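Step one of this worksheet: look at the structure below.
Computed from a predicted structure; not experimentally measured.
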Amino acid sequence: MSTPYPFTAIVGQDDLRLGLLLNAVSPAVGGVLVRGEKGTAKSTAVRALAALMPEVPVVAGCRFSCDPGAPDPACPDGPHEAETGVSRAARTVELPVGASEDRLVGALDIERALSEGVKAFEPGLLADAHRGILYVDEVNLLHDHLVDLLLDAAAMGASYVEREGVSVRHAARFLLVGTMNPEEGELRPQLLDRFGLTVEVAASRETDVRVEVVRRRLAYDDDPAGFAERWADEETALRERIAAARALLPRVVLGDGALRQIAATCAAFEVDGMRADIVMARTATALAAWAGREDVVADDVRQAALLALPHRRRRNPFDAPGLDEDKLDDALEDAKDDRGGSDDEPDPDGPGGGVPPQGGGPEGGGADGSDAPGGEEAGSGDAPAPVGGAEEQRAVRSGEPFRTKMLSVPGLGEGAAGRRSRARTEHGRTTGSRRPEGALTKLHLAATVQAAAPHQRARGRSGRGLVVRRDDLRQATREGREGNLVLFVVDASGSMAARQRMGAVKGAVMSLLLDAYQRRDKVGLVTFRGKDAEVALPPTSSVDAAAARLESLPTGGRTPLAAGLLKAHDVLRVERLRDPSRRPLLVVVTDGRATGGVDPLALAARAGRLHASEGTASVVVDCESGFVRLGLAAQLARDLGGSAVTLDELRADSIAGLVKDITAAGRAA
């Protein structure tokens with residue numbers, strides 16, 4: 001077994017360490033979501049935390065880690081007799097991104113359930129993590145239904161498995177830690193809200209701090225055991241402090257004054273629901289216990305707000321999590337005027353304050369948000385040089401987004417689960433059955449009984465039970481929705497450069513990005529202007545990144561439409577090799593004009609027919625305006641084998657036509 005990196009040897013990252021330690025003191029806080037760029041010790045810190053957790057007493061032989069002092073009466077391995085039990089170290093269970101539902105929650109042996117009437121249950125990762133740590137790296141890349149199951153179990157403290165009338169329940173209480181890189185896509189706001197705390201981490205820009213990080217890491221890699229031994233005293237002290245805080249926690253008093261500050265702060269920031277208030281109360285109580293106090297004070301409330309509220313302020317998918325600290329101080333001060341309790345502040349030299357001990361080495365490098373990407377203003381003065389001999393214009397702000405009509409890829413796909421096009425999926429309505437390939441996951445009961453029924457006499461059936469063999473089992477085939485690769489090809493040339501017009505165009509693309517976010521698509525962005533086209537954003541799950549690139553997109557120059565379509569073809573060719581099951585949807589945003597070179601319209605038509613020959617589903621958003629219209633976008637749509645919609649028709653509430661399959665609409669055009 002490898003030696004984990006010592007928790008106390010981590011340099012800086014104070015918010016990260018504090019969030020983890022507060023959950024170790026009080027698991028009721030609800031876990032922590034760690035957001036940050038790659039290479040910032042997210043995974044290292046989580047794995048190091050397990051070594052600090054107290055040992056867990058368990059019933060010997062119980063696969064569900066029942067507490068011998070209070071065994072779960074519904075435990076599938078029970079009932080358990082009163083016994084002393086054994087102690088073991090707290091577990092850290094990692095949930096891989098590609099895990100199946102059965103691997104997460106466990107699986108029933110359907111064959112034995114049908115033939116023998118017994119609940120033969122194979123525990124999943126939720127059972128393994130009971131009374132320990134469940135670590136989900138890249139939680140934003142996990143399928144939505146798995147995230148729902150995970151967070152439901154964390155909220156209820158139990159996992160339920162139900163298949164064709166057979167159900168199993170077992171306890172599942174764990175410290176939930178998720179990590180994510182926002183560049184790879186965001187979690188939905190309603191899922192963000194289910195995490196108790198969130199912390200932002202970033203690599204320090206201080207040279208001394210970075211030197212110390214590298215020095216310690218190299219020392220650990222050279223001699224893990226020796227390095228851990230040098231930090232053993234600090235680890236022991238921190239472990240004892242966690243145990244002391246846990247023992248003190250039941251005696252901590254959350255006074256009415258502190259509770260009013262919590263409620264006033266949540267109201268001031270207009271967070272939805274009451275979960276934020278409850279999490280803040282639990283976090284403030286844990287902070288007081290961590291500092292060795294029995295009373296919650298104003299600083300505890302403020303620190304709790306900084307950990308519990310930033311991710312709950314994210315209402316729009318393109319909003320970055322964050323908290324206005326001046327507004328926070330004003331809210332706390334306003335509530336303080338009405339407090340009826342003590343306003344004593346903690347002694348800064350007292351037992352620890354709110355920050356965990358830093359075991360030697362230089363200070364700094366904490367994730368205080370100073371290095372986090374903020375609200376960069378679109379259209380800064382660092383615009384590139386003019387393209388194609390025409391004057392380049394600054395980026396124009398996008399118009400207000402709106403709800404768009406449904407655009408989908410025809411046919412039946414088999415891509416990643418999502419909400420756009422029809423596909424064969426693990427979840428959805430049952431459309432038929434087939435013989436299982438590998439482990440049975442979704443039983444088609446009627447088809448299984450139908451397959452087994454003709455053989456009952458030959459198999460010597462004598463009782464009421466059905467004699468079922470492996471060959472009789474049938475897997476249910478289901479139809480749901482998949483997420484697609486939506487590749488935007490946006491005309492940023494001079495013909496689109498009028499400020500009012502480009503603002504409307506950007507608003508339309510932003511609306512389509514919002515739709516892609518809600519439908520769990522991957523997105524990419526190709527732009528063309530001047531003499532060539534460029535991939536402004538390679539295909540990614542981060543719709544936020546696409547929105548940021550769009551906002552800062554300058555315009556001007558000629559209209560190399562053919563170059564944009566050919567660049568899109570190159571992108572799709574590579575993506576088909578990387579992810580062949582994810583079907584693409586090409587969205588070309590243009591007025592159809594083309595300039596530059598010899599016969600640019602003919603070149604654009606040839607590029608369009610290239611996409612059509614490969615069966616790429618496409619739609620052209622016609623941005624042409626004015627009384628005299630050339631209809632070039634509609635002609636491009638015909639070359640692409642897709643359809644054309646105007647900006648007005650793109651709106652879901654538009655009366656101009658019905659929502660149609662894009663290929664069917666293309667044939668009718």
Side-chain angles (χ1 to χ4, degrees), residues 14-15 17-33 189 192-200 245-246 248-315 319 321-356 366-369:
D14 293 337
D15 285 351
R17 294 184 295 130
L18 179 59
L20 293 173
L21 290 171
L22 291 178
N23 275 274
V25 171
S26 176
V29 165
V32 59
L33 175 65
L192 281 173
D193 182 59
R194 300 293 290 274
F195 282 93
L197 309 179
T198 186
V199 294
E200 296 276 348
R246 279 191 169 194
L248 179 62
L249 186 65
R251 304 198 301 273
V252 175
V253 176
L254 180 65
D256 288 344
L259 194 54
R260 289 186 66 84
Q261 282 190 314
I262 291 170
T265 300
C266 292
F269 282 98
E270 300 178 346
V271 296
D272 295 331
M274 296 297 298
R275 184 175 284 117
D277 304 62
I278 296 170
V279 171
M280 271 190 67
R282 290 172 174 165
T283 305
T285 303
L287 280 163
W290 178 249
R293 289 182 273 100
E294 295 187 5
D295 294 304
V296 174
V297 297
D299 271 4
D300 297 329
V301 176
R302 187 180 192 281
Q303 183 67 59
L306 292 173
L307 293 170
L309 296 186
H311 58 304
R312 294 184 167 89
R313 290 282 299 148
R314 189 173 188 264
R315 298 173 179 274
D319 292 340
L323 206 65
D324 185 338
E325 294 196 33
D326 291 336
K327 183 177 179 180
L328 172 60
D329 291 334
D330 290 342
L332 292 172
E333 191 63 31
D334 291 344
K336 189 176 180 180
D337 294 339
D338 299 328
R339 287 184 62 178
S342 170
D343 288 334
D344 294 338
E345 299 300 325
D347 180 359
D349 297 324
V355 181
D368 59 0

Which donor-acceptor pairs under 3.5 Å do side chains of residues 262-269 form with protein atoms, sequence neighbours excluded?
unit_1	atom_1	unit_2	atom_2	d
Thr265	OG1	Gln261	O	2.7

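- Distance check, rounded to the nearest 0.5 Å: CE of Met280 to CZ of Arg302 gives 11.0 Å.
- When side chains are defined from C-beta on, Asp272 does not count as touching Arg312, because their heavy atoms never get closer than 4.5 Å.
- A pairwise comparison of heavy atoms in Ala305 and Leu328 identifies CB-CD1, 3.7 Å as the closest pair.
- A distance of 11.0 Å separates CD in Glu294 from CG in Leu249, rounded to the nearest 0.5 Å.
- When all heavy atoms are compared, the tightest approach of Ala284 to Asp300 is O-CB, 3.8 Å.
- Distance alone, capped at 3.5 Å, places no donor-acceptor pair between the His311 side chain and the Leu33 backbone.
- Between Arg17 and Asp14 there is a salt bridge, since a side-chain N of the basic residue sits under 4.0 Å from a carboxylate O of the acidic one.
- Of all the heavy atoms in Ala288 and Val252, the pair that sits closest is CB-CG1, 3.8 Å.
- Contact annotation: the side chain of Glu200 never approaches that of Asp15 to less than 4.5 Å [non-hydrogen atoms, C-beta and beyond].
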Distance-only criterion, 3.5 Å: show the donor-acceptor pairs between side-chain atoms of residues 18-32 and protein atoms not counting sequence neighbours.
unit_1	atom_1	unit_2	atom_2	d
Asn23	OD1	Gly31	N	2.7
Asn23	ND2	Gly19	O	2.9

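- Between the CG atom in Leu254 and the CG atom in Asp295 there is a gap of 10.0 Å [rounded to 0.5 Å].
- Judged as a side chain to side chain donor-acceptor pair (under 3.5 Å), and not counting sequence neighbours, Arg246 has no contacts.
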